[in-house]
Amino acid sequence: MQEIHIKIERETREIIEIIEIIEIIETRDIREIREISDLFFDNYKNQHIKYVGKLLSKGLAKSI
């Protein structure tokens, strides 16, 4: 009976460790996704600013 209890405790600890590892991985992935999203947005914003600047310099757009 005690062997079964020890086995259940060990397996429970293993499951808890797996859950903690999954949470760490998910947190890291979410952080990486946000960083990539920010990079894409910054790149888009910079390209847009350059494009509008070119239009303004050619007189094709009105200044805001």
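Between the side chain of Ser37 and the backbone N or O of Ile33, no donor-acceptor pair lies under 3.5 Å.
Heavy atoms of other residues, nucleotides or ligands lying less than 6.0 angstrom from CZ of Arg34 number 12 at most. Within a 6.0 Å sphere centred on CD of Glu3, other residues, nucleotides and ligands contribute 12 heavy atoms or fewer.
Applying the side chain to side chain donor-acceptor pair (under 3.5 Å) criterion to Gln2, with sequence neighbours excluded, gives no partner residue.
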Problem set entry | From CA spacing to verdict: salt bridge (Lys or Arg N to Asp or Glu O under 4.0 Å), Glu14, Arg10 | CA-CA 6 Å; Glu14 289 175 1; Arg10 185 173 7 116; 5.2 Å; no

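Interatomic distance, His48 NE2 to Asn46 CG, rounded to the nearest 0.5 Å: 11.0 Å. Here CD of Glu23 is found 7.0 Å from CD of Glu20. Values are rounded to the nearest 0.5 Å. Here the straight-line distance linking atom CD1 of Ile8 with atom CD1 of Ile15 works out to 10.5 Å at 0.5 Å rounding. Rounding to the nearest 0.5 Å gives a distance of 12.5 Å between CD1 of Ile6 and CD of Glu11.
Looking at Leu39 and Asn43, their side chains never come closer than 4.5 Å, going by heavy atoms from C-beta outward.
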